[in-house]
Amino acid sequence: MSIVFQFKLTVAGQAALFNANHTGTSLNLTHIQFGSGNRTPTGAETALLNPQQLAPIASGLTVSPTQIRMSAIFGGEQYYVIREVGLWAGSPGSTGAVLVAYWSQATGDLAVKSPGVDFVFSHDMSIDSAVPGGNLTIVADTAQAPLLALLAEHERKPDPHPQYVLARRLNTWTSAGNAPAFTLSPEPPVAAYATGQRCRVRFHSAGRGADTLNINGLGARNLKQYTASGSKTAAIVAADQVSEVEYDGADFIVLQPLPGGLEHGAVTVISGSGALGAAHAGKLLILRGVGGTLTLPAAASLAAGATLHLCSQEGAWSIARQATGDTINAAQSSVATLGLARGETLMLVGDGVSTWTAAGGSALAALSGSFQASKTGNGYQKLPGGLILQWGSVSGYQLTGAGGGSSWSGSVPMTFPNACLSVTLSAGEVMGSIETLEHIYAANGWTASTLTVALQRTYGSSAGTGDIFNVRYIAIGY
């Protein structure tokens with residue numbers, strides 16, 4: 001690659017040249033220096049604005065009294081953008097060293113020095129006629145001459161610099177923008193999208209589940225990843241996630257997606273109240289201590305599908321939403337907090353927007369419709385599998401003497417969805433003069449919503465209307 005630019009002779013360089021002319025000596029050019037500063041040269045420069053790397057002149061010759069040619073090799077693992085070049089007599093910082101000539105510009109870049117790639121700088125410098133002839137010589141580092149010959153052979157190959165593509169991949173570039181619209185600005189810039197292009201990306205924030213990536217302003221493309229079945233789906237992106245991203249001609253494919261489940265050793269112990277964050281997602285959180293309140297991260301701050309696994313080994317815990325607009329969905333209802341007793345587990349899954357869903361764990365059982373209960377004198381308990389236990393009492397009058405009887409009906413607390421299977425009775429309280437042992441009783445029939453009690457007096461006299469007999473029952477149905 002050839003670029004036309006002209007060094008500007010510095011005031012210090014002019015003084016050194018005229019001094020050499022008056023003393024009959026020569027000013028020896030020894031080093032070339034690259035820097036990353038931008039400015040318009042004035043001639044007053046004595047050093048580079050932002051120096052990056054210094055290299056000895058590897059070869060040089062005087063082409064004519066007004067033209068000299070020089071080359072230098074910049075190697076090593078350094079990475080920087082070249083925006084200024086200095087021509088030195090002597091090594092910068094050493095006694096008597098002079099910045100003889102300088103090049104830069106107000107804005108813009110000259111080139112990029114990539115890590116692990118030798119940058120060969122060759123330049124033909126035109127000398128102003130005002131510069132005394134014969135007083136400017138080049139001192140070359142002859143040890144680098146064989147390397148220049150090898151590089152010349154290398155550059156004659158059809159594809160002499162394939163490593164430049166690798167250089168972009170070897171660096172990790174941090175994204176910018178606001179999810180779901182990520183941007184990336186790697187250097188050297190990508191000129192155009194091409195199938196197979198790769199970049200290593202550190203995502204600065206979590207994704208939103210339908211994310212895009214725009215590299216060097218070339219246009220947004222969907223971020224995808226492959227499922228186990230080989231189909232593309234929206235990529236899962238977490239804050240500070242580092243992934244290889246490859247362009248497949250249509251989308252950017254995240255080649256290292258987040259794991260779908262728990263990783264070996266991904267366990268965190270929590271012993272007090274605090275806030276949960278992205279670092280807790282996908283891990284098993286062991287809760288110990290006296291208990292407390294754990295605040296969930298805002299659902300929008302994590303990728304859709306982010307999972308929190310909680311296990312309470314000690315204490316009683318309250319799991320609370322963080323953002324006012326967030327909700328926790330549990331057992332077909334929305335709540336602001338969930339309780340987690342000792343020994344209980346809970347799995348929460350975020351949607352990346354505003355909702356955490358209780359998707360599993362023993363704590364969910366207490367909220368599930370399969371375990372609903374009414375803990376009153378006339379109540380019920382729903383059991384797994386559909387069975388329902390109901391209990392309560394029915395009351396009636398006994399108005400006849402020995403051998404007489406009566407019956408009465410009552411309603412169960414809730415109607416069995418299908419049928420009542422069995423009713424068991426026991427003696428309840430007696431108000432008045434009737435003795436409990438003077439009677440026998442039995443269930444005389446039932447429906448899904450009612451039951452009938454038959455009462456038979458075995459001995460004794462009749463009673464008044466104030467004698468009320470209560471029978472307790474347990475009914476089983478589904």
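Closest non-hydrogen pair, Y193 versus I215, comes out as OH-N, 3.0 Å. Taking all atoms of both residues into account, the shortest heavy-atom contact from V237 to A303 is O-CB, 3.2 Å. Between R39 and A47, the closest heavy-atom pair is NH2-O, 2.7 Å. Listed here is the closest heavy atom pair of V245 and L223: CG1-CD2, 4.3 Å. Closest of all the heavy-atom pairs between M347 and H309 is SD-CE1, 3.4 Å. Here the shortest heavy-atom pairing between L99 and A12 reads O-CB, 4.5 Å.
Between the CD atom in E84 and the OG atom in S36 there is a gap of 7.0 Å [rounded to 0.5 Å]. Considering CD1 of I319 and CG of L308, their distance stands at 9.0 Å, rounded to 0.5 Å. How far CG of L285 is from CG of L310: 5.0 Å, rounded to the nearest 0.5 Å.
Under the 3.5 Å distance criterion, the side-chain polar atoms of T174 are left unmatched by any main-chain donor or acceptor of T172. The closest donor-acceptor contact from the side chain of Q52 to the backbone of V81 lies at 3.5 Å or more, if one exists at all. A side-chain donor-acceptor contact under 3.5 Å links T10 to the backbone of V100. When atom types are taken as modelled, the side chain of S104 and the backbone of R83 share a donor-acceptor pair closer than 3.5 angstrom. Under the 3.5 Å distance criterion, the side-chain polar atoms of N418 are left unmatched by any main-chain donor or acceptor of G477. Using modelled atom types, no side-chain atom of Q241 and backbone atom of A239 make a donor-acceptor pair closer than 3.5 Å.
Considering H31, Q33, M70 in turn, M70 is the only one that fulfils the side chain to side chain contact (heavy atoms under 4.5 Å, CB included) rule with L87.
By the salt bridge (Lys or Arg N to Asp or Glu O under 4.0 Å) test, D251 is found to be paired with K232, residues two or more places apart in sequence or in another chain being considered. Take E314 and apply the salt bridge (Lys or Arg N to Asp or Glu O under 4.0 Å) test, not counting sequence neighbours, and it matches no residue.
Classification of the F34-F74 ring pair by plane angle, with boundaries at 30° and 60°, yields parallel.
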